[in-house]
Amino acid sequence: MTGQTYNPNQAEAIATLDGPLLVLSGAGTGKTRVLTARLAEILRQHRAYPSQILAVTFTNKAATEMRHRVEAMVGEDARDLWLGTFHGIAAKILRRHAALMQLTANFTILDPDDQNRVMKQCLRELGIDEKLTKPRYFLGIIDRWKDSGYSPDQVPVGEKNNRLVEMAGKSSTVSHLDVYRLYQNRLRQIDACDFGDLLLMVVEIFKNNRTVLESYQNKFRYIMVDEFQDTNRIQYYFLRLLTEYNKNLCCVGDDDQSIYGWRGAEITNILNFEKDFPKAKTIRLEQNYRSTKHILGAASSLIAKNGRRLGKSLWTEFDTGEKVKIVTLEDNRAESAWVAEVIDTRQNEQKPLSEVAILVRTSSQTRGFEESLSYRAIPYRVYGGLRFYERQEIRDVIAYLRLIHHPADDLAFERIINLPKRGIGDTTFEALRARARAEESSMIEASRNLVGMTQSGAILSGDNHDSKDVKPAARRALLKFLQSYGLWQERMASDSPLEFLTFLLHDSGYQAMWEAELGIEKESRLENLRELERAMRDFTSIAEFLDHVALVMDTINDSSRQQVSIMTLHSSKGLEFDTVFLPGWEEQLFPHSNALHDGQDGLEEERRLAYVGLTRARKLAVVSWVKRRQVYDQFLDRFPSRFLREIPAEHCLMETIIDGEVFVTDSPRSEMNLGSQTVAGSGGTPSLVQSNKQSAIGSSLSMAVGDRVSHKMFGVGVIRVKDGSHLTVDFGGDFGVKKLIDAYVKKID
DNA sequence: CGCCCCGTGATTTTT
DNA sequence: TCACGGGGCG
């Protein structure tokens, strides 16, 4: 770890405590290090075998890091720890008892893309217009239900999300719950479960099988949970079941950093903890070992505006440090260019790039920074963007592996049956699907039956069924594919994972397909296939590899590399950097307009997000907002985030950048209060043209006369008229906005 | 069956 | 602006 002092007495004192324990503390107080120390301590004292300890982290990355740190303290012993995310742990348990949930031990874990495909099929079957109500919408509701611990039969009557589905024109008889039921049936048919099922099913097994539950209750002597504020109901339920008798649970968390309310996380879990574990000791850590006084002061004042908090006050012995910078820029292009420039300059002052992060509110903001950093040849890495295993070519190969490993995986079949082109198109595919449904079999089986092939690969004579549906050419192509498939299955069983992958890439013609490509993509696609082969080295079986892919979804992190980190505020949780850039602090973006629909709770969660962002910084935090931001194809006027005004003047320094020149303002507060201020000319001294304070703050945007508006976010708008003054227009909510604007524009003319 | 052209909608946040 | 899906044609 880089040079941060930690009070070892404190960590070790907590490490030796037994019994239910709640460590409640603020950002940068070393919560994770307390857990790590505790793990090492238990192992050192031989109070439990590694396999008797369960430690749950929020991300896989955190789990890997914790494992390394514990290894450094106690060596090999750390290897058998049950250390991972809730989902990773649940998957491990579920594989052992899959039969209890009518799954085979090889069941597939669906990724979001697969989920979407299954849902599309369901909607089509139910006659739901997927344009009107999108698959993702239903998946979102189902996920929330799973987070709350509801299987289809357990969704309470009158649950707020269980409405009738909107139907175009006609009245609807289909409820959201009906969609959920059908979706689960489909998953069972293809021997698959989605992410949310992992925990739900394990809890289900625990509830219905006393012996299984007891075996795990006896097994785990120590259970630890990091980021406890972000556990949802099903996760908490899982913990409660496991600790029914042996209440040796230790949770660490911070209510001020709860940023996953939308995913069902409940701060009330922290309150329940003291109720469910009456003997629990609560420990508070308030000394911050991360940030300077200015950064901590800014963050603390900001979070103090929240009403619903347990309350704590952080302090630090660190220096005052630099004030938080609040920077005003012309537009988002200027913003990304300026951030890159500052990073460049600081890099020349020997500041390491691995200590710089750009934290954004939405992932769409990352693109601009990628461009500006590339322009200056500054290396960067986008976390949580398009991840390695989500790339098209990688997903294709994984589909091959999935299908060979698990013939019932119809989604994998669908993806690769005609990739590369084998002359098996939509018509043949639909015929196969119909047949599979009628026979209640997998697509592979249905294909075999169609061409008259037995499981062992023998061809039966007189295989002429369905000849009117599938033409001889397609039939031949299918037969050829099935013969290859048989060979692949044999080779997968006998070869090492790497050998097999290399063989498969050639034999399937998949690699040749990309080699024949002409576009600019070709090289990077082939390079990614090489990367996949490299990754495959670390695995002893294909099954192990597939679980890794489904659950970890990322390549090995190389934190040693000198590169700037770009990520969303959400994924920055638990991390820290010397320098943190926080762009896009504008109303509508941060706090995000959608979050504000959830009223005060929504706003407070956004504020916690801002708090998380600021407290990632050790030495310097740079917040910025822009006056104009490009959304799709148009530039829109923006107003500074209310959070900017919540940072006290004594902790910040305000700058306005115009054409690359820096202006420091004496009374920046007033400048920001006048949200719709514009600057005359380009390059001169800033001067106030006109403002409309009423509409400037809060939920307004301004648009130029004649602007086309086509987004639901523009519930309230401001039209700028020719002399530079503003006119506020309330559009009263949502759609039909364009029409209204057209009407107003006419009036003004 | 497979390719190409056009029209439309998209952006919260994630294990 | 861009990515994806549907429709039409060779």
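Just so it is clear, the structure is predicted and the values come from calculations on it, not from any experiment.
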Discussion item. Quick check on the 6.0 Å ring-centre criterion: do H97(A) and Y216(A) meet it?
Written reply: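 Yes - the distance between ring centres of H97(A) and Y216(A) falls below the 6.0 Å cut-off.
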
Quickly work out the [X] [atom1] to [N] [atom2] distance and round it to whole Å.
X: K120(A); N: dG6(C); atom1: NZ; atom2: P; answer: 7 Å
X: R422(A); N: dG2(B); atom1: CZ; atom2: C1'; answer: 16 Å
X: K134(A); N: dG9(B); atom1: NZ; atom2: P; answer: 8 Å
X: M567(A); N: dT14(B); atom1: CE; atom2: C1'; answer: 14 Å
X: I259(A); N: dT14(B); atom1: CD1; atom2: P; answer: 9 Å
X: H592(A); N: dT14(B); atom1: NE2; atom2: P; answer: 12 Å
X: L199(A); N: dT14(B); atom1: CG; atom2: C1'; answer: 14 Å
X: L569(A); N: dT14(B); atom1: CG; atom2: C1'; answer: 14 Å

Worksheet item: Considering only the P atoms, how many Å lie between dT11(B) and dC4(C), rounded to the nearest integer?
Response: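 Those two atoms are separated by 11 Å.
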
Worksheet item: Should D256(A) and R309(A) count as an ion pair when the cut-off is N to O under 4.0 Å?
Response: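 Yes, D256(A) and R309(A) are salt-bridged.
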
Fill in: E586(A) bridged to R629(A) by N-O distance under 4.0 Å
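A salt bridge links E586(A) with R629(A).
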
Just to be sure I understand the rule, does [X] reach a base, reach only the sugar-phosphate, or reach nothing, if contact means heavy atoms closer than 4.0 Å?
X: F86(A); answer: nothing
X: D143(A); answer: nothing
X: K146(A); answer: nothing
X: K573(A); answer: nothing

Item to complete: Could you say whether K421(A) or G88(A) is positioned toward the 5' end of DNA chain B, judged by the nucleotide with the nearest heavy atom to each?
Response: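 The residue mapped nearer the 5' terminus is K421(A).
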
Between [options], which nucleotide gets closest to the side-chain atoms of [X]?
X: F195(A); options: dT14(B), dT15(B), dT11(B); result: dT15(B)
X: F58(A); options: dT11(B), dT15(B), dT12(B); result: dT15(B)
X: R367(A); options: dA10(B), dT15(B), dA3(C); result: dA3(C)
X: T568(A); options: dT14(B), dG5(C), dT12(B); result: dT14(B)

Discussion item. By a 5.5 angstrom centroid cut-off and a 30 degree plane limit, is there stacking between H570(A) and dT13(B)?
Written reply: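 Base of dT13(B): not stacked against H570(A).
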
Fill in: Base of dT13(B) and ring of W262(A) stacked, centres under 5.5 Å, planes under 30°
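Here W262(A) meets both the 5.5 Å and the 30° conditions.
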
Assess [X] against [Y]: is NZ or CZ under 6.0 Å from the centre of the six-membered ring, and within 45 degrees of the ring's axis?
X: R381(A); Y: Y383(A); result: yes
X: R263(A); Y: Y260(A); result: yes
X: R95(A); Y: F107(A); result: yes

Item to complete: Report yes if the side chains of K146(A) and I234(A) come closer than 4.5 Å at any heavy-atom pair, otherwise no.
Response: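 No; the side chains remain at least 4.5 Å from each other.
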
Item to complete: Tell me, with the steps shown, if Q257(A) and Y611(A) meet side chain to side chain donor-acceptor pair (under 3.5 Å).
Response: CA-CA 7 Å; Q257(A) 291 185 71; Y611(A) 174 76; 5.6 Å; no

Worksheet item: OP1, OP2 of dG2(B) versus side-chain N and O of N418(A): anything below 4.0 Å?
Response: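 Yes, N418(A) has a side-chain N/O under 4.0 Å of OP1/OP2 on dG2(B).
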
Quick test: give all pairs of protein nitrogen or oxygen and nucleotides 7-10 of chain C nitrogen or oxygen below 3.5 Å, distance rounded to 0.1 Å.
none

Worksheet item: When you look at CZ of R367(A), are more than 12 heavy atoms from neighbouring residues, nucleotides or ligands closer to it than 6.0 Å?
Response: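 It does not: R367(A) CZ has 12 such atoms or fewer within range.
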
Worksheet item: Looking at DNA chain B, which of residues 357-366 of chain A put a heavy atom within less than 4.0 Å of it?
Response: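 R361(A), T362(A), S363(A), S364(A) - these, ordered by number, are the residues of the stretch whose heavy atoms sit under 4.0 Å from the strand.
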
Item to complete: Over all heavy atoms of both residues, which pair between R415(A) and A399(A) is shortest? Give the atoms and the distance, please.
Response: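 Answer, listing the atom of R415(A) first, then A399(A): CD-CB, 3.7 Å.
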
Item to complete: List the steps and the verdict of side chain to side chain donor-acceptor pair (under 3.5 Å) for S571(A) and T568(A).
Response: CA-CA 5 Å; S571(A) 39; T568(A) 62; 2.8 Å; yes

